[in-house]
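In what follows, chains are A, B, ... by sequence order, proteins preceding strands, each numbered from 1. What you see is a predicted model, and the numbers here were worked out from it, not measured in a lab.
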Number of protein chains: 2
Amino acid sequence: MTESNGFLYPSKWLSKASAGDRVSCELRMRIISGEIESGTILSENKLAADFAVSRSPIREALKILASENIIRLERMGAVVIGLSEKEIEEIYDVRLLIESFVFERIVKIDTNELIKELSKILEMMKVAIKYSDADEFSYQDVLFHETIIRAVNHSYILMIWNNLKPVMESFILLSMRKRFKEKYEDFTRIIKNHELYIEAIRTKDRDLMSKSLHDNFDDVQGKVEDLWISQQMLSKGVVQQND
Amino acid sequence: MTESNGFLYPSKWLSKASAGDRVSCELRMRIISGEIESGTILSENKLAADFAVSRSPIREALKILASENIIRLERMGAVVIGLSEKEIEEIYDVRLLIESFVFERIVKIDTNELIKELSKILEMMKVAIKYSDADEFSYQDVLFHETIIRAVNHSYILMIWNNLKPVMESFILLSMRKRFKEKYEDFTRIIKNHELYIEAIRTKDRDLMSKSLHDNFDDVQGKVEDLWISQQMLSKGVVQQND
DNA sequence: TCTGGTATACTTGTATACAAGTATTATATC
DNA sequence: GATATAATACTTGTATACAAGTATACCAGA
């Protein structure tokens, strides 16, 4: 709905992606936005027809979404789980868990390079705000946190992140698009929060990190809740996937 | 090598599994045991021929293993990563992380039902020891921890567990098989440790939980290291997957 | 009207075919 | 002998076909 082609996921992020990836990204957005309601049963054949691809990429996409816990693969059809408030809280539990873990590792390593990189990303975020580019802002926001996580070089923490990332990304994307329209002033606070985060890493200050992390989450979570609910409301009139 | 049919993964655990699952379970065991060495490049076609199935289930299996971080999907071929000591430590980092998180939730809920279930599993483990059934013991051991994790009803923590579980399972399986042969006396200590864990849950005693958790990990990790190394040694003479 | 069985229209899992792309090898040219 | 180019033997991603299983609907018979 945001893009002119009727797809929710930014098409430029899919330049080199396979059909399976495209489908998974788009389906994920539709599920998280509430366009496809929780409880809907998705059929491989129907999806294949809708997306004009064969069942192979559809199957791939469904497997991915199932591993992200937003659908549940059953004997007949895939049941949409979606993101209720409970799931959103749970995601932030996990983010808090892994980012806290990561911070404990970060305080033990040299962070000069990391800080430089984070500062660059922050600049990018500012530019994105300036030009009201919600998608770019979201991208950089996700990248910011991913960069921190990657810094500690922990493959299994990275594994968790990789599982969480797509859902996070979609969620943030939807949140930011909404806020760019309605709550532009939010972004100064978000930027300040990220600056605080960098500062926490620089000074290796646990308390500051904890504060900025919690603020960041509260910010996104609290504010986004009504976004999400409004999206749900919006989609109540939408046609069901299966008739 | 353990089973007469030349497969490492217990065939009875695959009764209702698809070909893709079979392949992923068996490949995982071979990779973790070191039978397939780290660095090996796996070809879809070759694997399909080896396992006498088509490429479809092989692709599925490779996707699964890639999400578990034991192989890496590249443009041409899948590169085996395997489990070095670093990865094993990382896995236990994550287990420690999630089980600690879970415990914090557990102290807030009614644990009667959980404790009953855990006690049952413990009894099963004892029986498995009595009859020297390493596979059954491993199964119950994994189930023990999974039961605790499931008790808190946290879908995204469960998601992490689901990603970790197969690798854990394979690792524990190999470890226990070895120890049943060589270090039978270990098991009294493992049982005692699990009893301690139950006790920690019953009394909601953080310190006791932390102790038993760490002991359990040190136990498995420390003791298993040499298992794993010996497995690696063992596999040095093994024929490469690709010629 | 209710029960039992059968036909049908779905479903998944697997095999196979094919297109497009990428290393590798061999050949031709200098 | 060294280098550029072409042939080849791979690779992945996707489409399609088919078998086996399952829910649904429908119809026959009581």
Seminar exercise, completed: Those residues at least two apart in sequence (or on a different chain) that pass side-chain hydrogen bond (donor to acceptor under 3.5 Å, both in side chains) with A:K120 are none
Problem set entry | Neighbour count >12 (heavy atoms, 6.0 Å) for atom CD, A:E74 | yes
Exercise. Below 4.0 angstrom, N of the basic side chain to O of the carboxylate: do A:K165 and A:E169 qualify?
Worked result: no
What pairs of donor and acceptor atoms, side-chain ones from residues 13-21 of chain B against any protein atom, are under 3.5 angstrom apart with sequence neighbours left out?
| unit_1 | atom_1 | unit_2 | atom_2 | d |
| --- | --- | --- | --- | --- |
| B:S18 | OG | B:D21 | N | 3.3 |
| B:S18 | OG | B:D21 | OD2 | 3.4 |

For this session: Go through the steps to decide whether A:S155 and B:E90 satisfy the test side chain to side chain donor-acceptor pair (under 3.5 Å), and finish with yes or no.
Result: CA-CA 7 Å; A:S155 56; B:E90 288 176 349; 2.4 Å; yes
Exercise. Which parts of nucleotides 5-15 of chain C does protein reach within less than 4.0 Å, heavy atoms only, written one letter per nucleotide 5' to 3' as B for base, S for sugar-phosphate only and - for none?
Worked result: ------SBBBB
